[in-house]
Amino acid sequence: MTATEYVGEFEQLVLLALLRLGRDAYGATIRTEIQGRGSRPVSISAVYTTLDRLERKGLVRSRLGPPTPQRGGKRKRHFELLVPGLRALRHSHDTLKRMTDGLEGRLEPSS
Amino acid sequence: MNGAVLPTARPPLLARSLLRLAVPAAHREFVTGDLNETFNELAGRIGARRARRWFWREALIAACTRWPRAASPVQAPPTGDSPVQTLFQDLRFGVRLLRRSPGFAAVAILMLGLGIGANTTIFGWVNSVLLTPIPGAADQGRLVSIGQTFRGQTITLSYPDYVEYRDQSRLLSGIAGRDDQAVHLTVDGVPERVWSEIVTGNFFDVLGVPAALGRTFLPEEDRTPGAAAVAVISHGLWQRRFGGDPAVVNREVEINKHPFTIVGVAPPGFQGSQTAIAYDIWIPMMMQPTLMPGGDRLSSRGNHWMTVFGRLAPGATVAQVREELEAITRRIAEQVPDYKGFGASAGYLRDSSDGAIGVLRPVLLALAVVAALVLLIACANLANLMIVRSAVRRREIAIRLSIGASRRRVVRQLLTESLLIAAGGAVLALIIARLTAGMLVLFAPPTEFTIAIDVPLDGRVFAFTTIAALVTAVLFGLMPAVQASSSDYTTALKEGTPGAGASRRRLRDALVVAEVSLSLALLMSAGLCVRSMQKAQEFDPGFNPSGVLLASLDLFPAGYTTDTGRVFFDQLLERLRALPGVEAVTLSRRVPLGFSGSSSSSVQVEGYAPAQGESMSVALNQVGPDYLRTMQIPLAQGRDLAPTDGRDAPAVAVINETMAKRFWTGRDPIGGRFRFGATGTWFTVVGVAREVKFNTLTERPRPFAYLPVLQAYYPAVAIHVRTTGDPGTLAPAVREAVRALDPSLPVYSTRTLAAHTGAATFQQRMAGSLLSVFGGLALVLAVVGLYGVVAFVVGQRTREIGVRMALGAPPSAVFGQVLRYGLKLTVIGAAIGLGVAFGVAQALKALLFGVEAYDPLTLAVATVVLGASAGAACLVPALRAMRVDPVRALRYE
């Protein structure tokens, strides 16, 4: 993949959660991560549809983990950030940084 | 019996079901797993209530989410097998598994074979009697039986009426008429009595039956009375009497001593137009005056004697045909004043309430219901077996699921196994049906006719069996398969953990309850039918059927005149009275309680003025001297008919009490006179007899007259001989007595009166016998099911029982607990069964005789039998539980 994929806002949040969680990234932890830091309610359905989209774009990949009793015997689907994913994340982060350059005073909360 | 379960919070069941429905299989596992995990975490942090609310919200969002349809990369099927390949894999695997547990396979196939076999047998009978009432005829669904109605009764047609219907109807593509008549067929000088159908020329065309050899009748053979001495013979007669010789066409034979030419042979399988009766010869209607006693009926408008049926024209309905025939009847009534108040009737032949169809339909329909219930019980039993089996196979299923098999795949595998068992059951069912197909005819009582019901295992029976097998496979296989594949299989991998038991046991318990309830319903039905059978057999018909031998003869085809016939009867009675061991002898045109029907006619009674529109119809029978004495019908007044009431003596009659009370109210009937029609001979009443059941056991008393056969002559009679010993042993002597008078006169239908009257209890006997078999089968299946479940539960709980006993529980407490568990299921099942039983009893109402559908005694007996059997079934596992050795049970761990 030569061209960098453009990623939307929620996609960025999901990718950032993956980056943060590393090997422990799967549906429940990703949801908790976004909800905890983003302080907004996130549904598991939204997380999964986004992850599926990212996987189709080749930004992340998934594998099956073992089932656990806490999950009622259901297996986990672990997600991993791929190089193009990281690149896309960097790209949007750079763009945001360049766009916000010099505006920190107005964007930071006043108090 | 319930083990202690930790009260942990679980996500709401409905929301979980919603998730299962809404989230595609490709995503379901991970999503549900994540939600479960978060739910557990939330429940511990913010409380179960709020966690549940959260779960609901997630489930609702998931339900509204547009999930990507394609399976995600990790969900690709493990191999690239095509559906057919997977099917073969499943089949191979299933066969291997079944071969590994032959005991299970045998029991399962046997149970299903019996269940499906019962249904296949009954369906085969329904197929033969109700769906194919006239074997060999084309498109039988469009055949319509036609009659006339008068004062609410359906009556047969006269020939002139038939001609008007035939010529004027546009909605029937053809109308044919027929009646039957026993004739003497003489081939190469050897006479034989055979049953013929006297038929209109278009008979074979309307039925759509072509000749197998030669031809059927020509239009010109349907025009001139006496000018069509031709006959079509049955395939059976062709084989039997002519050795299948093709040169039989155009051969001359004698029928009732008249020369006839055989013009054709009917196809094999075709036996005539009356269900279950096999005829040997068909003769054109124009020959009626030659072949039937009573002279020419073809020109008589008032003589209603023909059975008529037609074929619906394309697009016509039965209701339209009825209207058309009504209109034709009204036109007849405009010219014939006697026809005022006449109507017409038309109905599908298969819905007929006459003949074999009418007699068998209620029995067959009741049996069909009962057989279906037996199959349901077998299914419930099998489902239980499958659950037990899948519990044993939990590890295997768990491994398959964990190495990537989808749940659908596992369910399909398990269903394939069910299908294999069902296929085995279907094969066994067909074998059973093959063996039992002919049993239907065995129930038939002896009649003058040849009763023949061919029960072929044709395409329809095969299709029925296949569908039954498929449906049962799903019925008994699906629920256990879904359950087995949904259990939390991780726990299953840890051998020995008693997990996921609750819902499975609930299902098992429910199945046993269903079995018990259905079997109580069947037991009760069987009980009702058996009681009906007993009541019918004990019922006093007003005469004594035991100790009487019957033998029939017909003087008409043998060429006797009225005068020579009377002399013959006189001499025959003389000879028979002289036989050793004979108590009384008589003759009678009709024998009560057979399938032969009765005659009736309108009378005029001296000194009785009928009310406007009052029916003066009186049933009658021509009988010989000593009739009441021979039949042991009690005399209320006057005397029996005597040998002196001969041709030259004054005309006399014996009447029944109903007739005496009706027409001689307040007068002495003895010496009273009545006559048939307005011009007949006056008969003087010499005796009054007690009531007799003549047609059915349930009929209401009606006016009845016994006329001396020597005065009101009739050529075809049954000899009645009462003896002190076994009536059957008299048969050769009776035959010899006839032969001594006329060596060429055939004696036929030799049977005892008791066997003959079996016709009246035919329905009850058939229902009683078959329902007993089905009821027994149901009881055995239910008891096996109950035993299996209780024993299995005891086996599973051995450790728990061991712990309890180690802690000091007395064996009697353990025993009582197991027994209580089994009996609890029984009591619940029985309570539901009472409701089902009342429903089934409604279906049986038409067959019950002398017993109410809600007979408390039958109900009590059925319940006790079921309760006792259930108790016995629980006893063995309860005893085993009591003997559990705590030390050994615990060491197993």
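Each chain gets a letter, A, B and so on, in the order its sequence line appears, and its residues count up from 1.
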**Item:** Side chain / backbone / both / neither for A:R61 at chain B, heavy atoms under 4.5 Å
**Value:**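 When you check distances to chain B, no heavy atom of A:R61 falls under 4.5 Å.
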
**Prompt:** What part of A:R31 gets closer than 4.5 Å to chain B, counting heavy atoms only: side chain, backbone, both or neither?
**Reply:** side chain

**Request:** Among A:G65, A:S43, A:P41, single out the residue with the greatest number of heavy-atom pairs under 4.5 Å to chain B.
**Result:** A:S43

**Asked** For chain A, which of B:E41, B:E37, B:R28 has the most heavy-atom pairs under 4.5 Å?
**Response** B:E37

**Request:** Rounded to the nearest 0.5 Å, what's the gap from CZ on B:F55 to CD1 on A:I44? Could you check?
**Result:**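 Between atom CZ of B:F55 and atom CD1 of A:I44 there are 10.5 Å.
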
**Asked** So how far is it from A:S45 OG to B:D34 CG, rounded to the nearest 0.5 Å?
**Response**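 Going from the OG atom of A:S45 to the CG atom of B:D34 covers 10.5 Å.
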
**Request:** Return the minimal non-hydrogen interatomic distance between A:R75 and B:F30, and the atom names on each side.
**Result:** O-CD2, 3.7 Å

**Message:** Can you tell me which portion of B:L35 sits under 4.5 Å from chain A's heavy atoms? Options are side chain, backbone, both or neither.
**Reply:** side chain

**Item:** Residue of the set A:K76, A:K74, A:R71 for which side-chain contact (heavy atoms from CB on, under 4.5 Å) holds with B:E29
**Value:** A:K74

